[in-house]
Amino acid sequence: MGIQDLVASLGENPYFSAGFGLFGVGAGAAVLRKGYTIGLILFRRHYMTTLEVPCRDKSYSWLLQWITHKGARKTQHLSVETKFQQIETGKITTRHDFIPSVGEHFFWYRTTWIRVERIRSDQTLDLHMGVPFESVKLTALGKNRSLFVEILEEARDMAIKQNEGKTIMYTAYGAEWRQFGNPRKPRPISSVVLDCGLSDKIVKDVKDFMESPEWYSSRGIPYRRGYLLHGPPGCGKSSFITALAGELQLGICVLNLSERGLTDDRLNHLLALAPENTIILLEDVDSAFVSREDTAEMKAAYAGLNRLTFSGLLNCLDGVASTEARIVFMTTNYPERLDPALIRPGRVDMKEYIGYCTPYQLETMFSRFYPEEPPLSVQAFSQAVQNLGVSVSAASVQGHFMIYKDDPQGAVQNVIQMAQIKTFLPKEDKEIESDGRQFDKLAEVKKNK
């Protein structure tokens with residue numbers, strides 16, 4: 001029997017014919033399935049563009065809000081974000097923002113269909129946020145990568161517009177900065193009354209710094225600026241910094257150096273990753289460290305409060321790894337406690353004393369609180385306070401005005417009430433405090449007492 005006869009006999013066998021047919025169908029289906037997979041991969045690789053945005057990226061929340069308002073408006077699969085908003089009267093209102101939920105969504109943007117896939121992992125946590133890890137993946141037809149750039153820019157502009165003209169406060173949370181509270185209406189710089197010319201002097205210096213990066217670069221000077229505001233409590237140090245941020249349209253990053261668990265590495269990381277266009281505020285900087293000249297008992301009292309070292313702070317402010325394009329403000333009520341190494345030029349470039357109210361401040365505050373009062377009443381109030389024999393703070397004067405907010409004559413006639421507030425200095429220390437820039441002189445007076 002030849003080969004041809006063998007093939008003919010197998011072809012006439014019904015069992016073999018059926019098996020061969022099934023095999024052919026299966027093999028054909030497998031080839032088609034494999035071809036479809038390869039074709040889909042090639043199509044995605046060459047004719048589709050994908051952008052993935054993880055939840056730890058700054059643009060993640062912007063993108064979700066943009067997708068809700070500009071993109072997938074008609075989607076029926078939503079997640080809710082409840083936010084509280086405080087209006088000028090102090091009333092808190094509730095707002096519900098709906099964003100695309102986990103899953104797939106489609107929308108049309110500038111002649112292009114875009115597929116949105118929001119993914120959430122139940123097994124993986126974001127270590128910074130402490131929540132399940134999420135990401136948003138955008139897929140569009142074509143190779144136009146600039147389309148995603150336009151989307152991200154629109155999302156950013158939309159987020160900025162919502163906070164435009166407001167002061168944003170940030171606080172350190174772990175190794176990152178988080179917005180603290182709602183954006184605030186900026187406080188007018190004129191509402192904080194400092195001694196004559198002092199406010200303008202500081203504002204001018206900060207503006208000059210912000211407008212002259214090339215000047216620093218051409219002379220090889222690190223582009224950063226440090227300020228120290230010192231003086232008694234309640235005299236307007238923190239209030240002025242808040243108003244300054246509003247005047248210059250900057251945010252404020254508030255950092256507590258005495259926070260438990262703050263280390264050198266974490267501080268350096270926070271300063272390096274501070275949000276753009278912000279002022280870094282180190283309040284009560286004296287509470288974190290003691291001077292190298294202090295006694296062993298004082299050093300032992302401060303030991304164990306945190307793991308931040310004095311040398312670590314100095315290196316963060318003016319070391320090899322310190323960042324540039326940075327504005328740092330420090331405040332203290334006790335300048336004599338600060339180590340000279342901390343307040344030397346390069347770390348603190350400008351030191352200003354903000355003290356108890358001068359006659360200029362008393363008259364200006366009275367005029368602004370009671371704009372309809374004649375000059376005689378203004379002078380009468382200033383003279384009456386000076387006759388008390390005590391130095392009063394701006395906070396105590398403002399509190400006094402609040403008691404007599406509709407009675408300017410009562411405010412003048414009852415200034416004696418301010419002497420009962422414990423935010424004043426005895427008369428004998430007034431001359432010393434009026435020259436608060438002299439650290440050594442102030443320290444000597446405190447020591448003798």
Side-chain angles (χ1 to χ4, degrees), residues 33 36-85 92-163 168 170-183 273 275:
R33 186 165 53 250
Y36 171 79
T37 303
I38 296 175
L40 186 59
I41 293 174
L42 293 175
F43 182 80
R44 288 180 175 177
R45 181 176 299 177
H46 296 285
Y47 299 101
M48 299 181 72
T49 306
T50 301
L51 172 68
E52 183 175 3
V53 182
C55 60
R56 66 171 61 96
D57 190 84
K58 295 181 180 179
S59 62
Y60 181 78
S61 58
W62 304 347
L63 188 59
L64 287 181
Q65 293 295 333
W66 181 88
I67 292 173
T68 302
H69 291 88
K70 297 290 185 179
R73 295 182 178 180
K74 298 182 180 180
T75 182
Q76 294 178 297
H77 307 286
L78 302 170
S79 296
V80 64
E81 285 187 354
T82 302
K83 297 181 179 180
F84 299 97
Q85 184 177 6
I92 303 295
T93 60
T94 304
R95 186 179 79 245
H96 301 289
D97 291 340
F98 294 98
I99 59 177
S101 64
V102 176
E104 294 183 354
H105 309 272
F106 296 88
F107 66 91
W108 183 262
Y109 177 75
R110 295 191 179 181
T111 70
T112 304
W113 277 107
I114 296 180
R115 173 178 174 265
V116 178
E117 184 180 8
R118 186 179 177 190
I119 305 171
R120 176 182 298 164
S121 175
D122 296 332
Q123 288 78 26
T124 306
L125 292 178
D126 188 300
L127 298 180
H128 297 287
M129 305 292 291
V131 296
F133 179 83
E134 290 187 4
S135 66
V136 171
K137 183 183 293 186
L138 303 181
T139 305
L141 294 174
K143 300 181 180 180
N144 186 13
R145 297 173 59 181
S146 62
L147 181 68
F148 293 140
V149 176
E150 294 175 4
I151 291 177
L152 292 176
E153 289 180 349
E154 281 192 19
R156 179 202 60 197
D157 294 341
M158 178 183 293
I160 293 176
K161 189 175 182 180
Q162 291 178 350
N163 299 325
I168 302 177
Y170 298 92
T171 185
Y173 185 87
E176 66 176 7
W177 294 97
R178 288 190 184 180
Q179 182 175 325
F180 180 76
N182 297 313
L273 297 181

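Numbers here simply count residues along the sequence, with the first being 1.
Expressed to the nearest 0.5 Å, how far CG of L63 lies from CG of D57 amounts to 9.5 Å. Rounding to the nearest 0.5 Å places CZ of R145 at 8.0 Å from OG1 of T49. To the nearest 0.5 angstrom, R120 atom CZ is 11.0 Å from S135 atom OG. Here the CH2 atom belonging to W108 is positioned 6.5 Å from the CH2 atom belonging to W113, to the nearest 0.5 angstrom.
Across all their heavy atoms, R118 and Y60 have their closest contact at NE-OH, 3.6 Å. Taking both residues in full, the closest heavy atoms of L273 and W177 are given as O-CD1, 3.5 Å, listed atom of the first, atom of the second, then distance. Considering every non-hydrogen atom in both P54 and E52, the closest pair reads CD-O, 3.8 Å. Considering all non-hydrogen atoms of both residues, W66 and M158 come closest at CD1-CE, 4.0 Å.
Judged as a salt bridge (Lys or Arg N to Asp or Glu O under 4.0 Å), and not counting sequence neighbours, the contacts of E150 are R110. In this structure, the salt bridge (Lys or Arg N to Asp or Glu O under 4.0 Å) partners of E117, at least two apart in sequence or on a different chain, are R115. In this structure N144 satisfies the side chain to side chain donor-acceptor pair (under 3.5 Å) test together with S146, sequence neighbours excluded. Residues meeting the side-chain contact (heavy atoms from CB on, under 4.5 Å) test with I114, sequence neighbours left out: F107, Y109, T112, V116, L138, A140, L147, I151. In this structure, T139 has no side chain to side chain donor-acceptor pair (under 3.5 Å) partners at least two apart in sequence or on a different chain. Residues satisfying the side-chain contact (heavy atoms from CB on, under 4.5 Å) test with A159, not counting sequence neighbours, are W62.
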Stepwise side chain to side chain contact (heavy atoms under 4.5 Å, CB included) check, T50 with K137: CA-CA 7 Å; T50 301; K137 183 183 293 186; 3.3 Å; yes
